[in-house]
Amino acid sequence: MRVGPTTLSLADPSYIQKIYGAGHGFDKSAFYHPFQAKVQNQIGYNLFTSRDPQFHASIKRPVADAYGAKSMIEYEPFVDSCIVKFVRRLTEEFATKQRLPCDLGSWFQYFAFDAIAEMTMGQSFEFLDKGLDVNNMIHLLDARLDLIAPRSQMPWIDWIFEKNPIVSLFKQKSSSFFIFASRLVQERAQQLKILKKEGKSSGARLFIDRFLEAQQKHPDVVDNRAVGIYTTSNIVAGSDTIAIVLRTIMYMVLRNPDVLRKLLEELDGAQLSVPVTWEESQKLPYTSAVINEALRIHPPVGFGLERVVPEGGLLLDDGANIPQGVQVSMNAWVLHQNPIFGADTTSFKPERWLRDESETESDYQDRVAAMKKAWLPFGHGSRACMGKHISYLEMYKLVPTMFLELEFELCGGVEKKWKTRNSWFVRQWDMDCYIKKR
Ligand code: HEM
């Protein structure tokens, strides 16, 4: 489908590999310009916004390990402390004698923000402690996204209003987030130096510890500015996204009592710790299916991931050739409605991720493999989400723990619909809940 003067959106899953597969030459388009923030009065290219594949590889290599599956074990204690706080604060504020409605959508965001901040910088923003949007940070980020989203469709507008040299004279030279993150990075660097001198351990390694190690190993690429950029983009990339999935899970599970019953049956029968450990969470197939289904039915990113067709064009199955320079994109919201996922793709059905009684094991494996080929919540290829393991770590631990510890009820009943808005991230609100201790 044509979605812009020179932009096409493709729906056939077989093009995922052709467009996003490594080495195929489909680089990110100008769509990503408006997402680039100013840092010290220059554009601060980061892992997500950089378009040049060589430059991207050069900034990814030094920090890739920090996002790898093996590092998750070191981040788990930070997630644990936020989960404990999340459950405690909801209990204190809402599991009271009077039935007080809880704006759970916002609390999920407080959790996601504090958890990624703890893992990244070793200190939270105290959203959970205070139970509010501290310094209006969430509101400001939301407003920024609402501005960027339309600009991404006409990136030249961004140049006129933001990136041209005259406007730059009057604008703040760095985002306030970058200034805040850079200060924490410098403080941590000093602290690490002192601990090293005293021969003391610095404890579990934070993301910034790993960014600072990358700086020592690759000083040519990772300067102070780069460490600040890695830190800032971690927090921006890792908060809204996870909050969106948590909201989807809660809303969909509560609107489907049969799903809630099966989920609780699995959790109550599993003899789990509180908070549920990462290891235990790997043995909860129904919980895992609920999370996958939430990512399918409501992927956090609601725009197509735009790329530029390289030299030679893109040959379509019907013989048409899309010429070099045209923008092509694929959108998870479209792909996840593909009949590969079953006949009832608009329904929330975790069962589609599980083996049906009538299916052999090998038929089941083939069916899941086919679904995974049309699966794009985290993107694909060399530009796929680097925070996928972190996301699973948080969701696989929080989801079983919160359903084990607390009972939730949608305030308006199961018929009341939430509200959503697509500004790159498809954020949701108006899903207040009553909460009881289980
Ligand atoms: C459920 C949660 C998440 C979802 C659904 C998600 C989704 C995505 C998607 C779709 C992309 C690719 C965008 C594109 O091709 O333009 C992406 C990129 C990225 N994400 Fe995530 N994300 C999530 C959580 C996180 C977290 C927690 C972090 C950080 C800890 C993170 C860090 C990144 C980074 C650094 C990139 C850029 C990767 C690159 O181009 O090398 N994300 N994410």
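Both counts, for ligands and for their atoms, begin at 1 and track the order of listing.
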- Single hit among Arg421, Lys417, Arg247, Lys416 for salt bridge (charged side-chain N to carboxylate O under 4.0 Å, His left out) with Asp430: Lys416

- Does an N or O from Lys28, backbone or side chain, lie closer than 3.5 Å to an N or O of ligand 1? yes

- salt bridge (Lys or Arg N to Asp or Glu O under 4.0 Å) assessment of Glu266 paired with Lys283: CA-CA 10 Å; Glu266 175 172 273; Lys283 296 169 202 144; over 6 Å; no

- Under 3.5 Å: N/O of Arg383 near N/O of ligand 1: yes

- Atom OG of Ser329 and atom OH of Tyr20: how far apart are they, to the nearest 0.5 Å? 5.5 Å

- Message: The test is salt bridge (Lys or Arg N to Asp or Glu O under 4.0 Å); show your working for Glu351 and Lys262 and say whether it passes.
- Response: CA-CA 10 Å; Glu351 287 72 19; Lys262 289 184 194 168; 2.8 Å; yes

- Taken by chain and residue number, the protein N/O/S atoms under 2.8 Å from atom 21 (Fe) of ligand 1 read Cys385 SG

- Query: Going through the distances and angles, do Lys85 and Asp80 end up as a salt bridge (Lys or Arg N to Asp or Glu O under 4.0 Å)?
  - Reply: CA-CA 9 Å; Lys85 201 184 281 180; Asp80 278 345; over 6 Å; no

- Message: Using heavy atoms and a 4.0 Å limit, tell me yes or no: is Arg307 in contact with ligand 1?
- Response: yes

- When Asp240, Thr420, Asn422, Asp146 are each screened for side chain to side chain donor-acceptor pair (under 3.5 Å) with Arg427, the one that passes is Asp146

- Item | Under 3.5 Å: donor-acceptor pair, side chain of Thr232, backbone of Gly228 | yes

- for atom 38 (C) of ligand 1, nearest protein heavy atom and its distance come out as Ala384 O, 3.4 Å

- Item | Counterpart residues, side chain to side chain contact (heavy atoms under 4.5 Å, CB included), relative to Ala237 (two or more places apart) | none

- Note on the structure: If we number the atoms of ligand 1 from 1 as shown, the ones under 4.0 Å from a heavy atom of Pro300 are 5 (C)

- May I ask you to identify the nearest protein heavy atom to atom 10 (C) of ligand 1, giving residue, atom name and distance to one decimal place in Å? Pro377 O, 3.3 Å

- Query: To which of Val236, Ile291, Asn234, Leu246 does the heavy atom nearest atom 29 (C) of ligand 1 belong?
  - Reply: Asn234

- Whether Phe111 and Phe86 hold their rings parallel, tilted or perpendicular, with breakpoints at 30° and 60°: perpendicular

- Query: Do any heavy atoms of Tyr20 fall under 4.0 Å from ligand 1?
  - Reply: no

- Note on the structure: Closest to atom 1 (C) of ligand 1 among protein heavy atoms sits Val245 CG2, 3.6 Å

- Could you walk me through whether Gln191 and Arg188 pass side chain to side chain donor-acceptor pair (under 3.5 Å), step by step? CA-CA 5 Å; Gln191 192 187 17; Arg188 180 68 177 169; 3.0 Å; yes

- Task: With salt bridge (Lys or Arg N to Asp or Glu O under 4.0 Å) as the test, would you mind laying out the steps for Asp317 and Lys18 before giving the verdict?
- Result: CA-CA 12 Å; Asp317 292 342; Lys18 283 184 196 156; 3.7 Å; yes

- Item | Close side-chain approach of Asn234 and Ile116, heavy atoms under 4.5 Å | yes

- May I ask you to list the atoms of ligand 1 that are less than 4.0 angstrom from any heavy atom of Ile116? 30 (C)

- Would you mind finding which of Arg51, His380, His56, Lys60 brings a heavy atom closest to atom 41 (O) of ligand 1? His56

- Query: Starting from atom 16 (O) of ligand 1, which protein heavy atom do you reach first, and at what distance in Å?
  - Reply: Tyr32 OH, 2.5 Å

